[in-house]
Asks: 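Pasting a structure below so you can have a look.
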Amino acid sequence: MSHFQALISRRAVLSGAGAAVTCLAAPRLLRAGVNTGAEIAADGFRVLRLKTGTAALRGAAEKPTAIWGYDGVVPGPTLRVKRGEEVKVRLVNELKQGTVIHWHGLRLPNAMDGVPHLTQMPIDPGKSFDYRFAAPDAGTFWYHSHLYSSEQLARGVYGILIVEELEPVEVDREVVLVIDDWRLSEDGTIHPSFGNFHDAAHSGRLGQYITLNSEDTLEIPVKTNERLRLRLINCANARVFTLRFDKHMPRVMAIDGQPAESYLARDGKVVLGPGNRIDLFLDTTLSPGTRAAIMVDDLRGGELELGRFAYASGEPVRAEPRPDPKPLPANPLPARMDFAGALKLDVPLDGGAMSMMMMQGMRGGREIPGHGIEPRNRIWTLANFSSSGHDGPPLFAVNRGRTVMLTFINRTAFAHAMHVHGHHFRLLDRLDDGWKPYWLDTTIVGVEKTERIAFVADNPGKWMIHCHMLEHQETGMAAWFEVA
Ligand code: C2O
Ligand code: CU
């Protein structure tokens, strides 16, 4: 048994014995919701210092893990603005590596998108950069490094951005739930195997230790008949999580930051690919004094307990749960798309272990066209190129306002999480041009599956499109497009 397996079974054993342990455990801080010691510069910018820190990933009894994070914490600070307000962040890079901040899912001006060499130069060690833009949409977003991503995100370089609705939302309170997996060595340090060839050619870097809000087992104190807004965010390098809320009926209200036609999550389960967010309304309908687990699939047919709701023993906050919610107020997304005049493009995804491309490539049989990617790192292609996502010709160029329909054809033995910068898209139905009742910025394309998306290219600039499994992105599954 490798030490990774040893750790995962230790975690499984611990959560199985959870009931005995938890009566002793003090209630844990919901760290992702807390901003401590925010530094505000004289000109009103929120100063974020990217630096080293620690996180008690394995619980208070174990040695904390050294991480990299914004203000030295992971998840990084939760930034909050109201829709239409400006985000003003001064990133100070106190690491020994360059970095940039990408604001994932924000339909912002191109110059603020944080893609190295495409929209800005890397922020060198000791240097700073000012990000300033108005937040166009209310919803759950996140920010993360877009340079040396497979290492920086695995070490914790990400934070949360919440854009609040202008209208009141009828919930009692909200809880941010950041899910991540960590590949830890036996001593609890982050395993330094970043971006290695095996991970890159398979499912990306999967960690064996899964946390909510960087806690070993998160405990969320609740009272009976509250309505919580849970903001779920998958910040993992590559893992797709299926979360299950035991004994509850969470209602999906928004996906990838955008309000959706709401529906009850089947069997209390939701699936999040890397980069995805889901806003749930969850009514705490159990009796006072009970507990209910938050479970995650372990990719081996089992489940692990990541956290739990702990019901207070006192009176319910109201006699009955709240009535069915109204939908969240709409964001100013494009009202219609012009399919007849759309630019239509097939985007085959190829490569990876077990593919013809890799086997031929390894025998030197075929040259894979690559832009900015070393031949030995050309593991994946997007539309027949291996690209860093900023070199080479654009995947397509369109005039502002044109509808774009992309067909992702996954010819590989692995799933991919395809992310489009600066725009939200619709997922089209399989047989006709109807679409799913939600917007996305990142969609999972299953093994050998085809998915069609459509969006209005209404945001001028140079935008990346890539797999959000970061080891795939860095080994070729990336491109850029231009809106003029
Ligand atoms: Cu969340 Cu291009 O990334
Ligand atoms: Cu991928």
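Read the numbers this way: they start at 1 and go in the same order the structure lists the ligands and their atoms. Just so we're clear, the structure is a prediction, and the values are computed from it rather than from any experiment.
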Asks: Could you tell me whether atom 1 (Cu) of ligand 1 has an N, O or S atom of His146 under 2.8 Å away?
Replies: no
Asks: Answer yes when Arg183 and Glu471 have at least one side-chain N-carboxylate O distance shorter than 4.0 Å, and no when they do not.
Replies: no
Asks: Salt bridge or not between Arg58 and Asp216? Use side-chain N to carboxylate O under 4.0 Å.
Replies: no
Asks: Hey, are Asp441 and Arg277 close enough for a salt bridge, meaning a charged N less than 4.0 Å from a carboxylate O?
Replies: yes
Asks: Can a donor-acceptor pair be found between the side chains of Asp279 and Thr140 at a distance below 3.5 Å?
Replies: yes
Asks: Does a donor on one side chain sit under 3.5 Å from an acceptor on the other, for Glu474 and Ser150?
Replies: yes
Asks: Is there a donor in the side chain of Ser262 and an acceptor in the side chain of Arg251, or the other way round, less than 3.5 Å apart?
Replies: yes
Asks: Specify whether an N/O/S atom of His466 falls short of 2.8 Å from atom 2 (Cu) of ligand 1.
Replies: yes
Asks: Report whether any nitrogen, oxygen or sulfur of His421 sits less than 2.8 Å from atom 2 (Cu) of ligand 1 (N, O or S, backbone or side chain).
Replies: yes
Asks: Quick one: angle His104 ND1 - atom 1 (Cu) of ligand 1 - His144 NE2, to the nearest 10°?
Replies: 120°
Asks: Would you give the angle at the Cu ion (ligand 2) between Cys467 atom SG and His472 atom ND1, to the nearest 10°?
Replies: 130°
Asks: For the Cu ion (ligand 2), give me the closest N/O/S atom belonging to His416, just the atom name.
Replies: ND1
Asks: Would you check if atom 1 (Cu) of ligand 1 lies under 2.8 Å from any N, O or S atom of His419?
Replies: no
